[in-house]
Amino acid sequence: MLMMPPKLTIAKVFSEMKAIAHSAGKESQKAKKEKIQKLLVASRGEEAKFIVRMLQAKLRIGIQIPTLLQALAYAFTLTKPGKSCGPAAVTDRRHGQAKLSAAELEPQMIGMEAAVKQAFSEMPNFDKLVAALMEGRDGSSLLQVCSISVGVPVKPMLAKPSKGIAEVGERLSGKRFTGEWKYDGERAQIHVLSKDVIQIYSRNSENMTEKYPDVIEVVKQSLAEDVQSCIIDSELVAFDQVNRKILPFQVLTTRGRKNITVEDIKVNVCLFAFDCMLVNGQPLVKEPLELRREKLWSILSPAEGKVTFAVYRNFNEINEEEIQAFLDESIAGSCEGLMLKTLTENATYEPSKRSLNWLKLKKDYLEGMADSIDVVPIGAYYGKGKRSGAYGAYLLAIYDQENEEFQTVCKAGTGFSDEDLTTHYSFFKNHQRPCAETNYNVNDKLKPDVWLEPCQVWEIRAADLSISPVHTSAFGVKADGKGIGLRFPRFLRIRDDKTPEESTGSEQIVEMFEAQASVSGTAAVDDDF
DNA sequence: CTTGTCTGCCCC
DNA sequence: ATTCTGC
DNA sequence: GCAGAATGGGCAGACAAG
């Protein structure tokens, strides 16, 4: 009988996980497989399940970073680290001579949680945060060590989606606010450590410096002379330097990411700056937007087609017509819509928080302004996690009259209520087909778990249309060997009043694609894709 | 060498 | 990215 | 309203397979 491998320890699992993460190059996949195999063989009980989940970076235990921060805050309020090591080195403030009551501890815990969360948002690094806590720091003393500084990306401030102009009015009434065009590119947090050391970070705090040497150059030239350091918030957008025109997001994504040299860059970008969190060592996150914007304009000078500021308009009061007009202008200007931000009141930079301060208003949130499409579910995929036992997503198609076939435009996995998911599953499990209908035009890569009879029409919504390497609608019309797919698709409702043959046609898909401001006006659209 | 498949603390 | 749901 | 967990299109790179 084979010997059972020794029990797994936390230290062992941690070092194996690190080894897997760092494994690269030829035959690395084999090496990773072997390590995983060893871990699984040595695991007992439920350990295997959690090892697999760890590898997938999906622990699904109801705890993510915010909860972890709360736990840290509570732990360092209830207990204090001592000078020596080991379990005895901890003072439990709930017991002993100097014990505190729950009523005394609670406000401390709440205050500590705020401090820990603020510290982590300005300095998102657990090593540094825990080190500071172990020193016994709390409250303002924690912020002194863990505060915004150049070279450490802060969690960018996010915006809350708004359902319509009426909702915007509710949130912002009585406050001065500004609307800014929302550009369709890549978030870029620019850190100027000195005139010669400039770094760029993504929305998720990934270092993109290597990807944008051209931006580094132009920022260096655009900085005012008296700027030694700063942090700028901006959007990088693909830009046609010749025709002075914003290009679609899809063009931006074709830029190389590694070993980039300025000479062989094929996709140029323009930087649209909109905020500034630090200048010359001085944090500005607690200052109101109006002042931060002033600072931003004073440290950066525009360079035609390379660096500029997000177009904005200030409002002293709600005016729905003017907001609508400004939104329309932003769409015509190849933007996604508007960002709406308070200027003075509640106008600080709140890293990572989708606070009320920033709202986003996109045309696809608005009834009537969005591309609404009628599609036919022709396949389904088994759900995972909380969607086990039902379909988690559906393959959706439109009907092409000319070729008399169903062509895919997207999958959909969002927009369903729990009830929708149940209803759809019980309906479609009686309309399964053993294989694809002969008039289904589906790429092999999208092969669903089950095929469905074309017997229902759904209304879905999307933000945009894009050239697709896998979807087959309007195949070859806008680009050779490619169809058209939908960006950010979501389920809206069942259309009982339509038959599958009455779903959106491929000509309409082409029209919607061409109507997009960022692709219109170019004769040779094909060349861009 | 080409081609296919899968991953990414990916971007949106 | 969007969306829904439990708390 | 927050936190968490479902799910989308599509790209360059990395690696495997042939």
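Because only heavy atoms are used, hydrogens play no part in the values below, and waters and symmetry mates are left out as well, while side chains stay in.
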A.B. asks: Report the distance from atom CD1 of A/I467 to atom P of D/dC11, rounded to the nearest whole Å.
C.D. replies: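 Taking CD1 of A/I467 and P of D/dC11, I get 9 Å after rounding.
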A.B. asks: Identify which nucleotide among C/dT2, B/dC12, D/dG9 has an atom closest to any side-chain atom of A/H471, counting heavy atoms from C-beta outward.
C.D. replies: D/dG9
A.B. asks: Which is true for A/K117 with a 4.0 Å heavy-atom rule: it touches a base, it touches only sugar-phosphate, or it touches nothing?
C.D. replies: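 Sugar-phosphate, backbone atoms only, no base.
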A.B. asks: Regarding A/L252, tell me which of base, sugar-phosphate or nothing describes its non-hydrogen contacts under 4.0 Å with the strands shown.
C.D. replies: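 Touches nothing.
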A.B. asks: Surrounding NZ of A/K286 (heavy atoms of other residues, nucleotides or ligands, distance under 6.0 Å), is the total greater than 12?
C.D. replies: yes
A.B. asks: Between D/dG8, D/dG9, C/dC4, which one does the side chain of A/F249 approach most closely?
C.D. replies: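 Side chain of A/F249 sits closest to D/dG9.
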A.B. asks: Could you check whether A/I63 gets within reach of a base, just the sugar-phosphate, or nothing at all, counting any heavy atom under 4.0 Å?
C.D. replies: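 A/I63: backbone/sugar contact only, no base atoms under 4.0 Å.
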A.B. asks: Could you state the atom-to-atom distance from CG of A/D364 to C1' of D/dG9 in whole Å?
C.D. replies: 14 Å
A.B. asks: Which part of the nucleic acid does A/I61 contact within heavy-atom distance under 4.0 Å: base, sugar-phosphate only, or nothing?
C.D. replies: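 Sugar-phosphate, no base atom in range.
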A.B. asks: So does A/Q250 get a side-chain nitrogen or oxygen closer than 4.0 Å to the phosphate oxygens (OP1/OP2) of D/dG9?
C.D. replies: no
A.B. asks: Please state the P separation for the pair B/dT5 and B/dC9 - nearest whole angstrom.
C.D. replies: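 The answer is 23 Å between these two P atoms.
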A.B. asks: Within a reach of under 6.0 Å around CD of A/E419, are more than 12 heavy atoms found that belong to other residues, nucleotides or ligands?
C.D. replies: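 Result for CD/A/E419: open.
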A.B. asks: Would you indicate what A/D418 reaches in the nucleic acid, counting non-hydrogen atoms under 4.0 angstrom: base, sugar-phosphate, or nothing?
C.D. replies: sugar-phosphate
A.B. asks: Using atom CE of A/M339 as one end and atom P of B/dC12 as the other, report the distance to the nearest whole Å.
C.D. replies: 12 Å
A.B. asks: Ring centres under 6.0 Å, that's the criterion: do A/Y391 and A/H424 meet it?
C.D. replies: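 Not under 6.0 Å, so no.
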A.B. asks: Please report the distance separating the P of B/dT7 from the corresponding atom of D/dT7, rounded so that it comes out in whole Å.
C.D. replies: 16 Å
A.B. asks: Within a strict 4.5 Å, meaning less than it, do heavy atoms of the A/V376 and A/Y399 side chains meet?
C.D. replies: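 No; the side chains remain at least 4.5 Å from each other.
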A.B. asks: With a cut-off of under 6.0 Å to the ring centre and 45° to the axis, is A/R461 in cation-pi contact with A/Y365?
C.D. replies: no
A.B. asks: For B/dC11 versus D/dA3, give the span between their P atoms, rounded off to a whole number of Å.
C.D. replies: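 Per the computed distance, 23 Å lies between those P atoms.
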A.B. asks: Would you mind reading off the distance between A/Q70 atom CD and D/dA3 atom C1', rounded to a whole angstrom?
C.D. replies: 10 Å
A.B. asks: Atom CZ of A/R255 and atom P of D/dG10: how far apart are they, to the nearest Å?
C.D. replies: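 Distance check: A/R255 CZ to D/dG10 P gives 21 Å.
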A.B. asks: B/dC12, D/dG9, D/dT7: which one has an atom nearest the side-chain heavy atoms of A/K384?
C.D. replies: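 Of B/dC12, D/dG9, D/dT7, D/dT7 is nearest to the side chain of A/K384.
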A.B. asks: Are OP1 or OP2 of C/dT2 and a side-chain N or O of A/Y365 less than 4.0 angstrom apart?
C.D. replies: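 Indeed, a polar side-chain atom of A/Y365 lies that close.
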A.B. asks: Can you work out whether A/P66 or A/T253 has the more 5'-proximal nearest nucleotide on DNA chain D?
C.D. replies: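 Comparing both residues, the 5'-ward one is A/P66.
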A.B. asks: Closest nucleotide of DNA chain D for A/K32 versus for A/G485: which of these residues is on the 5' side?
C.D. replies: A/G485
A.B. asks: Is the distance from OP1 or OP2 of C/dT2 to the nearest side-chain N or O of A/K360 less than 4.0 Å?
C.D. replies: yes
A.B. asks: Both A/K445 and A/E235 contact DNA chain B. Which one's nearest nucleotide lies toward the 5' end?
C.D. replies: A/K445
A.B. asks: Within this structure, what is the CG-to-P distance between A/L236 and B/dC11, rounded to whole angstrom?
C.D. replies: 12 Å
A.B. asks: Nearest of C/dT3, C/dT5, D/dG8 to any side-chain atom of A/R490?
C.D. replies: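 Taking heavy atoms from C-beta onward, the closest nucleotide is C/dT3.
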A.B. asks: With A/K478 as the cation and A/F513 as the aromatic partner, state whether NZ or CZ is under 6.0 Å from the six-membered ring centre and within 45° of the axis.
C.D. replies: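 No, A/K478 does not lie over the aromatic ring of A/F513.
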A.B. asks: Which one, D/dA6, B/dC12, C/dC4, comes nearest to the side chain of A/R60?
C.D. replies: D/dA6
A.B. asks: Among D/dG13, D/dA6, D/dC15, which nucleotide has an atom closest to any side-chain atom of A/K258?
C.D. replies: D/dG13
A.B. asks: Between D/dG13, C/dT2, D/dC15, which nucleotide gets closest to the side-chain atoms of A/I260?
C.D. replies: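 Selected nucleotide (nearest to the side chain): D/dG13.
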A.B. asks: Could you check whether A/A24 gets within reach of a base, just the sugar-phosphate, or nothing at all, counting any heavy atom under 4.0 Å?
C.D. replies: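 Here A/A24 touches the backbone only, sparing every base.
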A.B. asks: Quick one: do A/K360 and A/E180 satisfy salt bridge (charged side-chain N to carboxylate O under 4.0 Å, His left out)? Show the steps, please.
C.D. replies: CA-CA 9 Å; A/K360 55 179 168 182; A/E180 281 169 0; over 6 Å; no
A.B. asks: May I ask you to verify whether the side chain of A/R257 and the base of D/dC11 hold a donor-acceptor pair under 3.5 Å?
C.D. replies: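 When only heavy-atom distances are counted, A/R257 does reach the base of D/dC11 through a donor-acceptor pair under 3.5 Å.
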A.B. asks: Regarding A/A57, tell me which of base, sugar-phosphate or nothing describes its non-hydrogen contacts under 4.0 Å with the strands shown.
C.D. replies: nothing
A.B. asks: Would the A/Y394 and A/W458 ring centres measure less than 6.0 Å apart?
C.D. replies: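 Yes, the ring of A/Y394 comes within the 6.0 Å limit of the ring of A/W458, centre to centre.
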A.B. asks: Base, sugar-phosphate or nothing for A/S205? Non-hydrogen atoms, less than 4.0 Å.
C.D. replies: nothing
A.B. asks: Would you tell me if any nitrogen or oxygen in the side chain of A/K386 comes within less than 4.0 Å of OP1 or OP2 on D/dA6?
C.D. replies: no
A.B. asks: Give the rounded distance in Å between these two atoms: CD of A/E27 and P of D/dA14.
C.D. replies: 18 Å
A.B. asks: Is a side-chain donor-acceptor pair under 3.5 Å present for A/Y212 with A/E217?
C.D. replies: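 Looking only at side-chain atoms, A/Y212 and A/E217 do not form any donor-acceptor pair under 3.5 Å.
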A.B. asks: What contact category does A/Y394 fall into here, base, sugar-phosphate, or nothing, at under 4.0 angstrom with non-hydrogen atoms?
C.D. replies: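 Since no nucleic acid heavy atom lies under 4.0 Å of A/Y394, the category is nothing.
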A.B. asks: Mark yes or no for a side-chain to base donor-acceptor pair under 3.5 Å between A/T414 and D/dT7, with no hydrogen or angle criteria applied.
C.D. replies: no
A.B. asks: Could you state the atom-to-atom distance from CG of A/D444 to P of B/dT5 in whole Å?
C.D. replies: 9 Å
A.B. asks: Can you tell me which nucleotide in B/dC11, D/dC15, D/dC11 comes closest to the side chain of A/Q29?
C.D. replies: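 Within the option list, the nearest is D/dC15.
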A.B. asks: Go through C/dT2, B/dC11, D/dG9 for me and flag the one nearest to the A/M208 side chain.
C.D. replies: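 Looking only at side-chain atoms, A/M208 lies closest to B/dC11.
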A.B. asks: Looking only at side-chain atoms of A/F488, point me to the closest of D/dA5, D/dG9, B/dC12.
C.D. replies: B/dC12
A.B. asks: Hunt down the Watson-Crick or G-U wobble partner of B/dC10, both distances under 3.5 Å, from any strand shown, or write none.
C.D. replies: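 Here B/dC10 is engaged in a pair, and the nucleotide opposite it is D/dG10.
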A.B. asks: Using a cut-off of less than 4.0 Å, is there contact between a side-chain N or O of A/K362 and OP1 or OP2 of C/dT2?
C.D. replies: yes
A.B. asks: Base, sugar-phosphate, or nothing: which does A/F416 touch, judged by heavy atoms less than 4.0 Å apart?
C.D. replies: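 Here A/F416 touches the backbone only, sparing every base.
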A.B. asks: Classify the nucleic acid contact of A/K33 as base, sugar-phosphate or nothing, counting any heavy atom under 4.0 Å across all strands shown.
C.D. replies: nothing
